[in-house]
Each structure stands twice: as structure tokens, then as C-alpha cells.
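On a predicted model such as this, the values are computed, not experimentally measured, just so you know. FYI, the numbering just counts along the sequence from 1.
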Amino acid sequence: MNKAMNASHYIKRLSIKRLPLKRLAFFLGLLVLGLAKTYPEELSLEPLFRFPLGGVASSGPVLSGKRLWVLSDSKILYSITTEGVASGKRSFPSRHIPFMLADPYERLAIVDDSNSLSLLNKAGQEVWKTSLKAKPAFSPFFSGDGCLFVPFDSGIIVYAPNGRELWRKSFSSGLSASPLAGPGGGPLLALKDGSIHLFSAYGGLVKSVSFSAPAALLSCNQDSILAALQDNSLVIMDSGLGPGPSGSFPVIKLAAKAVAAASAKSMHFVLDSGGNILAVDLLGNKLWQLQSGIPFGTPEGLASDPAKLAAFKERLILLSDRIVRSYGMDGSFYRELKLKSSAGFPIISESGTVFTGGKDWILYAYKFELPQKAMALPKAKALSMAIIEETAKEEAFWTLEPYSNDSAQKKLANIEKLMKSGTIEDELLDARAYCAAIALGKMHAPLGMGAAKTEALPSGVLARTKACELLGMMGYPDAVPFLADVFLYDKEAVVKSAAADAISMIGLDPEGMALGAFAFATEKSLDDRTAISLINAILALYRANGSLDDFSGIMAILRIAGGNYSATVKSRAEKALLQLKKP
């Protein structure tokens, strides 16, 4: 037990009312001189806000960015900003949601009692829905780019942000621990046979490793992976499941069963069932260990249900349904918040606010810590212009006519076949880059084949149109800026329209590039086909988002509605504006 813990427990045992004034002054002087920065601060229970739920919080709250989601047992699902403002709600058929989790874009994925998987926008409206053949074995989870991983005991299915199935895998053994997004954005899985598997974001197996006991908990950061095994040992692996610089896997023995784990940039943390918190570095060295003072299985301690750990840049947070505590990266004890009549587990945001549902039908928000930076969710390698140009250069090196319409269409057809069969796996990034290069007209002839071409290559609209369509089918939002460029700068109306349709299929515009491009394009007149595709894309983006945060799209539709267009186009624009006015 460190100095901070010793001091804090001693201070708690003091009966201030019984101390003479001189002795009280003496102890206060000690605090000012030596302990002022080390003892924990017990916070007031005066909340920042109270939000009425109409019933007990039965599922949630869950958090993404500046948005909370919570279901009350009155069968109402609420979407609430972290400032306490309601932004949406919907009726729900039951009082509990088996699995609910927020994506990186402040939307909510739910798996209900009928094993239907749905994604809701910020307003609580359904964006897409699919039926699962079985109940997930553990909670689904998101990667940083919005891909959703749904684990079953016999395998895993991965969905793009637009709901399209990307790939799936089967297992020879059932899962032993809750899986999560691994260092490269793909799933990290532990099986009952003692094996741990790391996949890429596109489904290729990076590596597998086996241990004498199955893993009970997994945690990771960008550089390493921690596995808490069922024999009470901890194993540290590098980001590719290798043994690390020492050439062997560092193993640490715990005094009791691991019940929670978290990872920061250069550290891992584990909480065991005895209330001990252990911090280790990426090489498996013990940095510190402390007793939280709230062991499991006692009336004063935690319930039998495990607590949770949340790691930030400068704080480690211990959360339970009774108490929230914060620790520094050196193990020093900072703050404590005691919860009364909590209806479930609290959560903490990057603003340092704790949110919890009460048994009195109220969602409470408490200011607990200073703003903290959380570790970003792992995600797949993003599409970039450098990758696109390198792909085009590589294609020109190996192909006699990379810019030819026929060769491009053949390769695009093969990509589509692999996508539909779910066998594209790690070729998907190259395929995405190739489609972007074709859509942008960035293919070029090899050296020695004549002067550089200034027009789009391939020149045929069929290949560029198909490339846009495939980017839309793949569903990754990092393709949207490039599709926005196609929409703005391609000279062919059919290709512009295809780019808008692809953006509509993806349904996300995190950087606002597409809506900005649409607004800019409508400063001049468009052909009817492109205008209709633009309107449909704007509606799809606003519907997938669920809020009118960016008015660029509305401005674009207003310009079409009041512009020199056919009656059909203007009617479509007017109907779109009416749709956007609806809650």
C-alpha cells in the first residue's frame, strides 16, 4: 500500500468532532505541508444536471463523443447530449436491451431479444437492420472506423458502417473472453483451447499463439497486448502477438482472479477480485500495485458483478455501481465519488463527467475529474492519396495498359466477385486504393508510352462509374473525400452521379467534405441526373447522422429548388426539404 493510500485511510478514520482544536490544527497543518496533493478528495454529490427517464435506467448509459444513450424500464430509449439536452427518443418493445453500444459517430448499435441487429442515428431513427441467426456470445464492438464486429461462440461477423457484411470467420473452439479491436483495427480473439488470434481489419490472420490456460480478459494498446489467463497469470505480447524484445512472453502471477483490465499508451492495468490494482509496462515489468480498499464479496465493497477500469492519458478510473475512484499514472489516489441508489454501472467521459442512472428514475451527471484524453479506438489503415498514387504506379509497372478501359473493367469485376464471396480479406485495402485510382482517373501509362495524359485515365465512363459503385459498396467513410473530388472535378455527368450515389451508400461524411462539395457544385447548374443523385445523397447523409449539424446540404437543395431545373428535379428538392424538416 503506497503513501497516498496509507494517508487516505488514516484520514478517513479520524473523528473530527472529537479532536481538540489544537490537534485539529496540527493535522490540518500536516495536510498543507506534506499530504495536500496525495490524499483523495471525496466529492460532493451535487450533480451537474438531472435528466428524468420516466423509469429506472435498465440498459446503459453508453457514451460516444458528446452523446449518451440510455433505455429506461418505461420502454423508452433516449439519446442525450453530455450537457443533458435530449436529442431523440424512441419506443422499445422490451425493458432491457441485451447488447447496446455506441459507434465512433455517436450512433447506437443494438441487439434485441429477437437477435435483430440495428443501427440508430443520433435522433434514434433506424439507419439499417439485419437479422442474426444466434445471440452473440459476448458484446459486439466497434473499431475506430465504424466497422462493427459481432462475436458468436462459433465465429465472428464484421459489418461495414453502412450495414453491409464485409467478412466472417469460423472457430474450431468457443470464445473464452470478450473480444475487442486489436492494434491494427481487426479483432483480437481468445478461444477456450488456450489460443489467442489476431486478425487484420480485413480478415486476414496476423498471427496465433497458444498458452496453457485460456484467456479470461484481453486488453491492448497500439504497441502491445495483455491477456489475463484463467490460471491467474498475466501475459504481455507485442502488437503482432510476438514475445517482445526479451524473446519470451513476460508472465506475471496475480493473487486473485482478474476481473477488469484497461490499457493506456505505455501501460496496462488489471483489477483482481481482491480489489488489487496492478500496473505493468509494455515489457511486463510491475510499475506499482495498490489495494483499492473495496474488495469483492463484502457488504462495504463491490457487488459480485465486476467493476470496470477506464484508462485515460493522465488518469486511471475505477468504476462500480457504488463508488468511482481516480488514480494517477503513478498510482496516487486522487478523487472518490460515492454513488447512492445507482441502478447500474456508471460511465465517464473525456470531459471528466460521470454519468449514472438512479433508482429514482433520474440520469445523473457529476463533475468528477479534469478533462482527460482517451486512447483512440484501433482502426484499419486509412485510404490516402499517397496509397492511391502508389497503387496506380504499381499497376502501371506490372500492367501493359493500366489505363485501358477493358483491363480496368476486368479487374473491377474480379474485385466485386471477391467482395460478394467474402474472400477478399487483406486484398481489400489494395482493392479500395485501386477503385479510388480508377474513379479519380489517376491511372497512367508506363514510362516510354508517350506524353503524359491530362484527361482522366481510364477515359471510359463505365470503369470510373463501376469504381465509384464499389467504393460505395465497401462502406468505408475514408473514401468519401475522394468521391467528393470525383463529384466536383469529373467532367462526365454519369460519373458525377455515380460518385454521389456511392456517398449515399456509405452514408457518412465525418469531415463534411461531401456536403461541402455538394454546396459548391450547386453554385452552378447541374444536369438533372446529377441533381437528383445529389439530393438523394444529402438525404442519406442527414438520415444516417440524425441531426442537421452541417447546413451545407440544405443550402445545396435550396439552390436546386429555386434554380433553373426541370419540374421533376424541383419537385424532388421540395419534397427533400420537407423530409428534412421532420423530427
Side-chain angles (χ1 to χ4, degrees), residues 143-147 160-162 166 184-185 200-202 204 379-416 418-419 424-447 449 452-492 495-496 498-503 505-506 508-514 516-517:
S143 62
D145 45 20
C147 290
N162 62 3
L166 290 174
S200 75
Y202 304 119
K379 60 181 179 181
K381 188 175 182 180
L383 196 63
S384 67
M385 186 56 74
I387 292 174
I388 292 169
E389 290 178 344
E390 183 61 31
T391 298
K393 187 184 296 184
E394 185 77 7
E395 188 70 13
F397 182 80
W398 292 107
T399 307
L400 183 60
E401 292 184 309
Y403 52 87
S404 103
N405 296 306
D406 288 342
S407 63
Q409 286 180 252
K410 287 178 182 178
K411 185 156 185 173
L412 292 171
N414 186 54
I415 290 172
E416 183 176 24
L418 292 173
M419 284 175 56
I424 195 166
E425 294 194 353
D426 282 345
E427 295 178 31
L428 186 53
L429 178 58
D430 291 338
R432 293 170 61 213
Y434 179 79
C435 289
I438 295 295
L440 290 163
K442 290 286 187 180
M443 302 308 295
H444 49 79
L447 293 175
M449 295 294 291
K453 305 292 184 181
T454 57
E455 73 270 15
L457 293 175
S459 58
V461 296
L462 292 179
R464 304 206 305 282
T465 299
K466 189 65 177 180
C468 291
E469 179 188 341
L470 291 178
L471 286 172
M473 288 174 59
M474 292 170 187
Y476 284 88
D478 59 3
V480 170
F482 303 106
L483 289 165
D485 279 352
V486 175
F487 180 84
L488 280 177
Y489 302 117
D490 200 288
K491 296 178 181 179
E492 300 292 341
V495 181
K496 286 178 176 287
D501 291 341
I503 292 170
M505 279 191 278
I506 294 171
L508 285 167
D509 185 20
E511 301 173 19
M513 299 292 287

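Counting all heavy atoms, side chain and backbone alike, D145 lies closest to A380 at OD2-N, 3.2 Å. What you find for L488 and A517 is that their closest heavy atoms are CD2-O, 3.5 Å. Of all heavy-atom pairs between A431 and I424, the closest is CB-CD1, 3.8 Å. Shortest non-hydrogen contact noted between I388 and A436 is CD1-CB, 3.5 Å. Nearest approach of S459 to N405, heavy atoms of both residues: N-OD1, 3.5 Å. The two residues I506 and P477 make their nearest non-hydrogen contact at CG2-CA, 3.9 Å.
Contact of the V495 side chain with the V486 side chain is registered, since non-hydrogen atoms from C-beta on lie closer than 4.5 Å. Contact check for Y434 versus L412: side-chain heavy atoms found under the 4.5 Å cut-off. By the 4.5 Å heavy-atom criterion applied to side chains, I415 and M473 are not counted as neighbours.
D426 meets the side-chain hydrogen bond (donor to acceptor under 3.5 Å, both in side chains) test with S200; sequence neighbours excluded.
Here SG of C435 is found 11.0 Å from CG of L440. Values are rounded to the nearest 0.5 Å. Taking OG of S407 as the start and CE of M443 as the end, the distance is 7.5 Å to the nearest 0.5 Å. Note that CG of L418 and CG of L428 are 10.0 Å apart. Values are rounded to the nearest 0.5 Å. Rounded to the nearest 0.5 angstrom, R464 CZ and E492 CD are separated by 6.0 Å. Between atom CZ of residue F482 and atom SG of residue C468 there is a gap of 13.0 Å, rounded to the nearest 0.5 Å. The distance from the CG atom of L383 to the OH atom of Y476 is 11.0 Å, given to the nearest 0.5 Å.
Other residues, nucleotides and ligands contribute over 12 non-hydrogen atoms within 6.0 Å of the CE atom of M385.
Looking only at atom types and distance, the side chain of S404 has no donor-acceptor partner in the side chain of D406 under 3.5 Å away.
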